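Given the structure is predicted, the values throughout are model-derived calculations rather than measurements. Numbers here simply count residues along the sequence, with the first being 1.
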Amino acid sequence: MIVCVCNNISDREIRQAVDLGISSVAELHRELGVGTMCGKCVSYAREVLNEHLDSKTVVTELHRTPQAA
């Protein structure tokens with residue numbers, strides 16, 4: 001779905017940007033051009049960004065449990 005009509009930016013592009021390290025609307029603005037024209041897309045772009053950030057699972061530590069013999 002198109003999020004930013006002015007710059008033809010889709011929700012898929014926003015999710016891909018998050019996967020590449022984008023973590024704020026300011027970065028979306030700078031890197032993709034989200035909200036650089038009319039600005040009506042910013043709230044929905046923020047929603048897509050936050051939902052995708054929340055859906056990402058980060059493993060910080062791995063514990064191995066012994067297997068029963």
Between atom CG of N50 and atom CD1 of I14, what is the distance when rounded to the nearest 0.5 Å? 11.0 Å
What residues, two or more places apart in sequence or in another chain, satisfy side chain to side chain donor-acceptor pair (under 3.5 Å) together with D19? H52, K56
For residues 2-11, run the donor-acceptor check on the side chains, cut-off 3.5 Å, and write out each pair with its distance to 0.1 Å, sequence neighbours left out.
{"from": "N7", "atom 1": "ND2", "to": "G33", "atom 2": "O", "distance (Å)": "2.8"}
{"from": "N7", "atom 1": "ND2", "to": "T36", "atom 2": "OG1", "distance (Å)": "3.0"}
{"from": "S10", "atom 1": "OG", "to": "R12", "atom 2": "N", "distance (Å)": "3.4"}
{"from": "S10", "atom 1": "OG", "to": "E13", "atom 2": "N", "distance (Å)": "3.1"}
{"from": "S10", "atom 1": "OG", "to": "E13", "atom 2": "OE1", "distance (Å)": "3.3"}
{"from": "D11", "atom 1": "OD1", "to": "M1", "atom 2": "N", "distance (Å)": "2.8"}
{"from": "D11", "atom 1": "OD2", "to": "R15", "atom 2": "NH1", "distance (Å)": "3.0"}

In short, V25 meets V42 closest at the heavy-atom pair CG1-CG1, 4.0 Å
Side chain to side chain donor-acceptor pair (under 3.5 Å) involving S43 - partner list, sequence neighbours excluded: none
Once side-chain hydrogen bond (donor to acceptor under 3.5 Å, both in side chains) is applied, what residue pairs with a partner in residues 20-32 remain, sequence neighbours excluded? S23-E27, S24-E27
